[in-house]
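Written below as structure tokens is the structure these notes are about.
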There are 2 protein chains.
Amino acid sequence: MVKKKTNTEQRIVDAAKEVFILKGHDGARMQEIADTASINKALLHYYFRSKDKLFERVFHEVFSEAFSSIAEVIGRANTIEELIEYFVSYYVAMLKSKPYLPNFILHELNRNPFMVVDLIKDSGMDKSFLIQLLVKESNRKDIRDFNPVHIMVNILSLSIFPFVAAPIIKGFIFDGNKVEFDNFIDERTQHITSFINAAIFKNQS
Amino acid sequence: MVKKKTNTEQRIVDAAKEVFILKGHDGARMQEIADTASINKALLHYYFRSKDKLFERVFHEVFSEAFSSIAEVIGRANTIEELIEYFVSYYVAMLKSKPYLPNFILHELNRNPFMVVDLIKDSGMDKSFLIQLLVKESNRKDIRDFNPVHIMVNILSLSIFPFVAAPIIKGFIFDGNKVEFDNFIDERTQHITSFINAAIFKNQS
DNA sequence: AACTGGTTTAACTAAATAGTTAAATTAAAT
DNA sequence: ATTTAATTTAACTATTTAGTTAAACCAGTT
């Protein structure tokens, strides 16, 4: 055979991703991962020596789905308007296609906070650039006097939280109506940007 | 003896709460719960027949910590200003003393979405009252034209998300400095209310 | 044809873990 | 003093699960 390797290996990682996301690290079973990948447990351990090694691989892949492009997206911003627009539109669009990301990462954040924070620090996100931009922009005359750190946390909260709490919003607010919920998510980018802009800019009528 | 029961029973529930919150349902061990409560496993099963029964009890207690008073708090609001102020100040203060609540409930929300949503529906939170208030208020001339559902989700997001992502904010933004983080949380109520007010009210300079 | 490495089969080990059991102990209530 | 219920001790069962092993199989490669 030779070089089905890449194929099978990725099939295992994909299956593991599916199961780990659904059941969490502790709830996931190696047998279920093997079944999902349509292979046997022996081969699973042939590729990944242990559950932890496999989980680590999965986590790194999922993590980079969430953080790989964000540094670059943020780096393009020259004004706070651009920062808000780029950040929100990128994140909401990304989470719309990968809604499992926040819960998976937040769950691991509980199990292993330092590891996750270290990964974020290594992700290339330039904190000082961000702070610098926000501080500079907060001196503009047309902008209200808010603490830039709170503004940053607000942008994150408004973009990410609806996905974290999706089942509640869908179930409680929209009575389980998927169409209405999807519609709500579709409106979200536009709403957040105008909501934040209304908050931070003076004299907008 | 007679009626140390209440005592021991609550000690078990408290220990279980601690362990379940730290390790999650699947990561928690009955032995560790027994150790934490300073009793033995036999007694643990004497009080609670199974892990699931114990977890259910813990979850209901934790859940009502989060949702028991909120209906009443919201019910007192006559205007959107009051709604924002009451809701944010209540929630941020509560989460400051019980920062584990969101992650615990959100984790169970993944394992068991319908159960959690049903509990919320039964919690006495009056959705139609809320909608009614928000819709009525959104007709005010001094208020910008936003979809009330988004406003409600924004209030929730801004209040709750910082606690969900606390390790990231503390670790990444504040470089692990606990004092700065606590200070950030202390500013939060005030910031959120003025941020939201700035967003929804017209002509505020 | 012999070799190689991916793959299967199937039985196995070792450890962890939820839950059980039964007998002994303790201390309060009658 | 006897009874009763809470509690401990300690050994036990049954099950689940991660991980192993060894032999056989299969399909390209040399």
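Throughout, protein chains are lettered first and strands after them, A, B, ... in sequence-line order, and every chain is numbered starting at 1. Scope of the values below: all heavy atoms of this structure, side chains included, with no hydrogens, waters or symmetry mates.
Remark: the A/Lys41 side chain and the D/dG19 base include a donor-acceptor N/O pair separated by less than 3.5 Å.
The distance between atom CD of A/Gln31 and atom C1' of D/dT17, rounded to the nearest whole Å, is 10 Å. A straight line from NZ of A/Lys53 to C1' of D/dT20 spans 16 Å, rounded to a whole angstrom. Per the geometry, NE2 belonging to A/His25 stands 14 Å off P belonging to D/dT17, to the nearest Å. Nucleotide C/dT7 holds its P atom 8 Å from the CD1 atom of A/Ile12, rounded to whole Å. Distance CG (B/Leu44) to P (C/dT17): 15 Å, rounded to an integer number of Å. Per the geometry, CG belonging to A/Asp35 stands 12 Å off P belonging to D/dT17, to the nearest Å. The separation between A/Tyr47 atom OH and D/dA18 atom P is 20 Å, rounded to whole Å. We find that CG of B/Asn40 is positioned 17 Å from P of C/dA24, with the value rounded to whole Å.
Side chain of A/Lys51, nearest nucleotide from D/dT8, D/dA18, C/dT7: D/dA18. Relative to the side chain of A/His45, the nucleotides D/dT20, D/dT17, C/dG6 differ in distance, and D/dT20 lies closest.
Residue B/Ala28 is in sugar-phosphate contact alone, with no base atom involved, counting any heavy-atom pair closer than 4.0 Å across all strands shown.
Listed here is the closest heavy atom pair of B/Thr8 and B/Leu43: CG2-CD2, 4.2 Å. For the pair A/Val117 and B/Pro167, the tightest heavy-atom approach, listed with the atom from each and the gap, is CG2-O, 3.5 Å.
Considering only side-chain N and O atoms, B/Tyr46 lies under 4.0 angstrom from the phosphate OP1 or OP2 of D/dA6. Close to C/dT7, at under 4.0 Å from its OP1 or OP2, lies a side-chain N or O of A/Thr8.
Between A/Arg29 and A/Ala42, it is A/Arg29 whose nearest contact on DNA chain D lies nearer the 5' terminus.
Note: B/Phe20 and B/His25 have parallel aromatic rings, judged against thresholds of 30 and 60 degrees for the angle between ring planes.
Other residues, nucleotides and ligands contribute only 12 or fewer heavy atoms inside 6.0 Å of the CZ atom of A/Arg49.
In the model, A/Tyr100 has a side-chain atom that pairs as donor or acceptor with a side-chain atom of A/Glu65 under 3.5 Å.
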